[in-house]
Structure formats: structure tokens, C-alpha cells
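Working notes for the structure below.
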Amino acid sequence: MPQAARSSSDASLKIYFRLLRYLRPFIGLFLVSLFGYVIFASAQPMLAVILKYFVDGLATPTGVMPYELPLIGGVQLMYGVPILMIVIIAWQGFGSYLGNYYLARVSLGLIHDLRRALFDSLLKLPNRYFDQNNSGHLISRITYNVTMVTGAATDAIKIVIREGLSVIFLFGYLLWTNWKLTLVLVGVLPIIGLMVNNASRRFRKQARKIQAAMGDLTHIASETIQGYRVVRSFGGEDYEAERFAKASEENTAKQLRMAKTSSTFTPALQFVTYSSMSVILFLVLFLRGDASPGELVAYITAAGMLPKPIRQLSEVNETIQRGLAGAESIFAQLDEQPERNQGAIEREQITGRLEVRHLNFTYPGSEQPVLQDINFIAEPGQMVALVGRSGSGKSTLANLIPRFYHHEQGQILLDGVEIQDYTLKNLRRHIALVTQQVSLFNDTIANNIAYGDLASLPLERIEQAARAANAAEFIDRLPQGYDTLIGENGVMLSGGQRQRLAIARAILKDAPLLILDEATSSLDTESERHIQAALESATFDRTTLVIAHRLSTIEKADLILVMDQGRIVERGAHAELLPRNGPYARLHALQFAEADGDDDDKGVAEASPATP
Ligand code: ATP
Ligand code: MG
């Protein structure tokens with residue numbers, strides 16, 4: 001057990017030092033801020049001393065300050081005390097400004113650096129990482145963890161320095177004015193501190209529990225808001241209403257408990273504080289020695305200023321631990337292996353000959369092979385189609401070609417070169433990909449078509465691509481044409497329109513190898529015709545790998561591969577395959593039956609899966 005505790009604290013230290021390394025560029029700013037906090041802390045005992053002069057002044061207002069000013073000489077207490085007060089507060093304020101502002105610059109700079117490091121790592125991480133981590137966590141790491149971490153790196157340091165120095169200065173003052181009394185207090189104060197600490201910790205624990213219950217409420221509400229269509233069409237209203245009412249009731253009850261706790265907490269805490277104060281008052285009167293009233297007031301004031309910094313110091317560990325937990329997950333992400341990119345070959349131009357030899361593939365972390373012994377050749381300009389049941393491995397095969405996943409067995413050759421021998425950037429330059437789930441950005445139509453490397457292309461080229469993708473007709477009808485904003489992931493477009501935009505993007509890229517993973521969603525006959533026309537111009541004159549859910553799309557393919565459970569179970573052209581009465585003919589027959597139903601009642605077709 002001690003062993004485990006030591007190693008975990010070793011690990012925390014390591015994380016902390018690594019975090020401090022990120023502070024290095026800000027060391028100058030940091031020193032300025034430290035200097036500010038020294039000023040701030042030095043003002044603490046000065047404020048107590050002022051009270052001494054004030055009380056002395058009550059007795060004899062015309063008495064003279066013990067220190068002479070350079071030009072004026074001795075100053076009467078009546079004037080000296082107020083002036084000194086203003087000077088000290090200004091001095092403290094100056095220190096506070098330097099400390100807080102410069103520390104904010106440090107911590108905001110740190111946040112910026114960490115955020116960027118995280119985001120940059122996201123751009124390089126392999127697909128596997130995104131499969132295994134949910135996007136909510138990845139996002140909250142960037143937005144939330146980073147802030148928590150800077151709490152540990154800067155706020156903790158701020159407290160240690162500012163409050164630590166305050167304690168030292170105040171305590172020094174106490175010892176200096178009455179060391180006997182101070183030593184007695186040292187025995188008593190920690191006990192009081194412990195009592196107060198204990199009470200407030202218990203209170204906070206309860207508060208945290210209540211906070212978690214609030215989360216449930218938000219969660220239920222947001223689920224219903226997002227899924228309102230499902231809620232209404234499946235008659236979930238009563239269920240949701242009840243669920244929400246229950247959560248809300250629970251919330252109310254917990255809030256009430258919180259109110260109860262806090263209303264008992266404050267008086268209880270005050271009772272503890274004032275009881276201890278009475279002990280101190282007794283001690284002060286008992287041990288006063290020959291101190292003047294002013295000195296005693298200053299003494300009590302300084303002693304009263306002590307608990308706050310001490311409490312903050314005792315809580316700093318919590319801030320640090322929370323920050324370290326955040327840092328741990330940040331560093332874990334930064335330490336992830338980036339996408340494998342060991343190839344060195346770069347080709348300016350390729351012909352687009354694709355050959356797959358004895359390819360096997362299993363997703364990392366799973367046992368079940370998804371692809372087994374895949375072999376085929378697509379000559380330059382040819383169209384190869386993949387068909388087969390849902391889950392047979394078609395998209396997986398498509399994802400291996402741009403190296404979204406790494407294959408261990410078999411070969412994928414592009415122009416006779418294993419794809420892993422190309423640099424990633426160069427390989428992907430030669431491939432245009434339309435994925436099964438179309439991704440669009442909250443931007444204009446034009447910027448969505450001309451995305452990334454294509455951004456510099458002129459508008460004529462974009463329009464040309466849109467025409468080829470059969471998208472120009474609907475774009476022209478939009479109020480702002482190519483400048484229309486399409487909303488988050490293109491919510492303002494229909495499924496078919498989104499697909500055509502994705503195809504336009506691929507056409508604009510004009511790469512020698514085109515991979516099209518057709519969306520599974522049912523399209524009406526009209527959009528299907530549009531997509532079909534788009535495909536025809538897209539596939540013209542380049543090597544194409546099409547994954548088709550509608551067999552009508554691929555009747556002209558040079559080679560059709562029928563996949564089942566990761567294997568190619570039949571291959572050939574449409575005209576050869578159909579009379580063979582094999583798997584392809586069966587798929588075909590099924591779709592015809594479905595298409596007939598389609599004409600009678602679209603609703604039925606939509607509810608049934610596009611592929612058996
Ligand atoms: P569909 O026609 O429905 O698009 P598909 O033929 O494209 O299906 P794939 O997406 O290639 O099928 O999936 C093949 C198998 O691999 C499925 O059993 C699926 O569960 C599994 N699979 C897909 N993606 C992953 C992944 N990222 N990690 C692990 N397993 C996966
Ligand atoms: Mg798929």
C-alpha cells in the first residue's frame with residue numbers, strides 16, 4: 001500500500017513537472033506576478049499596524065508618528081493614520097494588480113498552448129482513436145480540462161505564494177510584538193482551524209452531490225428536445241413527462257436539503273468561530289503584559305487575518321489534485337501515437353491502377369476478422385463495384401485504401417506500390433473519397449465544395465464540379481446560391497442534396513482514384529436519378545471503387561464484387577452475374593421486390609432497410 005501510494009505520488013510529481021515545463025515560455029511574466037504578490041502580502045501586517053496607531057491616536061490625537069517623513073518631519077497621528085491607510089491600500093492594490101494581471105496572462109497563455117497542442121494532436125491521431133473515445137470527452141478535454149489544469153499550474157502557485165507569504169509576514173509580526181502570546185496561540189489555532197475545516201468540507205461534499213443531480217435534469221431535457229420527433233411519433237410524451245417530473249422533484253428535494261444544510265451551516269460555523277475568538281480574547285487579556293491598547297488591537301487584528309490564508313493553503317491541494325487529473329488525460333492524448341506515416345514515396349501523378357492482394361483485416365482490439373483474402377484489380381479508368389449485405393465489410397475495405405486503418409496482412413498496391421510506402425499526404429492527394437456519412441461544415445456551399453487543399457480554386461471550377469455532380473440545379477434555386485450557409489452539418493439540405501455536395505467535392509478534387517461509399521438511406525426515385533447522373537460524370541475517366549446499395553447504380557461497372565462476411569463470394573460483370581442465379585442475382589431480385597413496393601407506398605420502403 002505505501003508502495004502504491006508512493007508510485008502514484010511519483011506519477012503526480014511527474015505530471016506536475018511536465019506541466020511546469022509548459023510554463024517556461026512565460027517565466028518573465030510569472031516573475032512579475034510573483035513580485036506583485038510579495039507586495040500584496042507585505043501589506044497585510046501593515047494594515048494591522050495602522051490600527052495600533054489609530055487606537056493610540058484615540059487617546060492622544062496630537063501624538064506624533066514614530067517615523068519622521070523626509071521633508072515634513074514628524075506627523076501628528078490625526079493626519080498620519082488616514083494618510084498611511086491610503087498609502088498602504090494603494091501599495092497593496094498595486095501588488096494585487098501586478099500579481100493577478102500577470103498571472104492571468106500566464107494562465108491564459110498556458111490555456112492557449114495546451115488547447116492548441118490538443119487540437120493539433122486530434123488532426124494527427126488515427127481513426128482508431130476516434131472509434132475508441134467518444135467525441136464528448138475529446139471536446140470537453142479541450143474546453144474544460146485545460147482550464148482545470150491551469151488552475152493547478154497557476155492558481156495553486158498563486159495561493160501558495162500569496163497566502164504563504166501573508167502567513168509568514170503576519171506570523172512574523174505576531175512573534176515580534178508578543179512572542180509568548182503567539183506561542184500559546186500556535187497551540188490553540190490549529191485546533192480551531194481543524195474544526196472549521198471539517199465543517200466546511202462536509203458542507204461542500206453535500207453540495208457536490210446535489211450538483212450531480214442537476215446534471216440529470218439537463219440531460220433529460222436535452223434528450224427530449226433533440227429527439228422530439230421520435231418522442232412524438234412513438235407516443236413517448238407520457239414517459240418523458242413522467243421522467244422529467246421525477247427528476248425535477250428529486251432536484252427540488254435535493255435543493256431543499258442544500259438550503260437546510262447551508263442555513264444550519266452558517267450559524268454553526270459562526271458559533272465555532274466566536275467561541276474560539278472568546279478563547280483568544282481571554283488569552284490576550286491574560287497574557288497582555290505591558291502592551292498598550294493599540295498594540296493589542298493590532299495584535300488581534302493580525303491574528304484574525306491569519307485563518308483565511310491558512311484555510312486557502314489547506315485547500316490548495318484539492319485544486320492541484322483536480323488539475324493533475326485533468327492534466328493526466330491531456331498528456332495521455334498528447335502521448336498517443338499519431339497516424340503511422342513511415343512511407344517515403346511521393347508521386348506527382350499516378351495512373352490509378354489499384355490492386356488488392358490477399359488482404360486480411362481485423363479491427364484493432366477485436367478478434368473477428370472483417371476482411372478475409374480479398375483479391376481484385378481495378379485497371380486505370382475502370383469501375384469496380386462492391387455489393388453485399390450490411391456489415392459485410394465494404395466500408396472497411398474502402399477505409400483501408402486511404403489508410404484510415406492499418407492493414408497487417410496482404411497488400412494494397414496503387415500503381416504497383418504498396419500504399420504504406422507512400423507518404424500519407426501524397427497518398428491521400430491521389431484519392432477522392434465520398435464517405436457513407438457525408439460530413440459538411442457550417443459554412444457556405446462554395447466553401448463546402450472547395451474544402452481544404454481545394455480552397456484556392458476559382459468559383460468557375462466549383463460551379464463546374466457542382467454541375468457535374470448534378471447539384472447546380474438546386475444550388476441555383478437557393479436564395480444566396482453558392483454563398484448560402486448550410487447550417488450545422490448541412491441541416492438545411494436534404495439527404496440527396498448533401499450527397500451531391502459531397503460528390504461535387506470529390507469531383508473538384510479531380511483525383512485519379514475515386515472511392516464512393518453510397519449512403520444507405522433510401523432516396524426517392526427523383527434524387528436517385530440525380531445521384532446516378534452525378535456518379536456517371538464523376539466516374540468518367542478515372543478509377544472508381546463504388547460501394548452501392550442500389551444495384552441500378554452499378555450495372556455498368558467493369559467488375560462487380562459480391563461480399564459476404566468479409567469474403568468475396570462472387571465476381572463478374574452485371575450481365576454475367578445475373579444469369580448465374582448466385583448471390584448477386586438474389587440481391588437483385590430482392591431489390592426489385594422492394595422497388596415495386598416503393599412505387600405503391602414510400603413509407604414502407606423507408607422503414608425497411610435498403611439492403612437485406
Ligand atoms: P453497410 O452496408 O451497412 O455500410 P459495410 O459492408 O460497409 O456495411 P462495414 O462498415 O465495413 O460494413 O463493417 C464490417 C464489420 O466491421 C461490421 O461487423 C462492423 O461491426 C465492424 N466494424 C465497422 N467499423 C468498425 C470499427 N471502427 N471498429 C470495429 N469494428 C468495426
Ligand atoms: Mg458501409
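The first residue of the sequence shown is numbered 1, and numbering continues consecutively from there. Every number for a ligand or one of its atoms is a count from 1 in the order of the listing.
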| query | With a 4.0 Å cut-off on heavy atoms, does S366 reach ligand 1? | reply | no
| message | Under the ring-ring contact (aromatic ring centres under 6.0 Å, His included) definition, can you give me all pairs with a residue in residues 418-460, not counting sequence neighbours? | response | F441-Y451
| Does S390 put an N, O or S atom under 2.8 Å from the Mg ion (ligand 2)? | no
| task | Test side-chain contact (heavy atoms from CB on, under 4.5 Å) on L413 and I419 and set out the steps. | result | CA-CA 6 Å; L413 305 168; I419 54 168; over 6 Å; no
| request: Report the member of F404, Y363, F361 with the shortest heavy-atom distance to atom 23 (C) of ligand 1. | output: Y363
| query | What residues, two or more places apart in sequence or in another chain, satisfy ring-ring contact (aromatic ring centres under 6.0 Å, His included) together with Y363? | reply | F361, Y405
| remark: For OG in S395 and OE1 in Q436, the angle at the Mg ion (ligand 2) (nearest 10°) is 90°
| query | Which atoms from ligand 1 have a heavy atom of V370 less than 4.0 Å away? | reply | 14 (C), 15 (C), 16 (O)
| message | Take a 6.0 Å sphere around CZ of R232 and say whether it holds more than 12 heavy atoms from other residues, nucleotides or ligands. | response | no
| For ligand 1, is any non-hydrogen atom under 4.0 Å from Q436's backbone (N, CA, C, O), its side chain (CB onward), both, or neither? | side chain
| said: Quick one, T396 with L371, criterion side-chain contact (heavy atoms from CB on, under 4.5 Å). Give me CA distance, side-chain angles, the key distance, then yes/no. | reply: CA-CA 8 Å; T396 303; L371 295 176; 4.2 Å; yes
| Considering only heavy atoms of D131, which atoms of ligand 1 have at least one such atom less than 4.0 Å away? | 26 (C), 27 (N)
| field | Pairwise distance CZ(R542) to NZ(K509) - rounded to 0.5 angstrom | value | 11.5 Å
| Residue Y405 vicinity, atoms of ligand 1 by number, heavy atom under 4.0 Å | 27 (N)
| task | Look only at interatomic distance and state if G388 has a nitrogen or oxygen under 3.5 Å from any nitrogen or oxygen of ligand 1. | result | no
| query | Within the stated cut-off of 2.8 Å, is an N/O/S atom of T396 closer than that to the Mg ion (ligand 2)? | reply | no
| said: What I'd like to find out is whether the side chain of L359 reaches to under 4.5 Å of the side chain of D373, using heavy atoms alone. | reply: no
| query | Taking 4.0 angstrom as the limit, do R429 and D453 come out as a salt bridge? | reply | no
| task | Can you sort out which atoms of ligand 1 are near T396, meaning under 4.0 Å from one of its heavy atoms? | result | 9 (P), 11 (O), 13 (O), 14 (C)
| said: Could you tell me, atom by atom, which parts of ligand 1 come under 4.0 Å of a heavy atom of S395? | reply: 4 (O), 5 (P), 7 (O), 10 (O), 11 (O)
| query | Which is it for H549 and ligand 1 at heavy atoms under 4.0 Å: side chain, backbone, both or neither? | reply | side chain
| request: From the options R403, K425, R428, select the one residue that forms a salt bridge (Lys or Arg N to Asp or Glu O under 4.0 Å) with E339. | output: R428
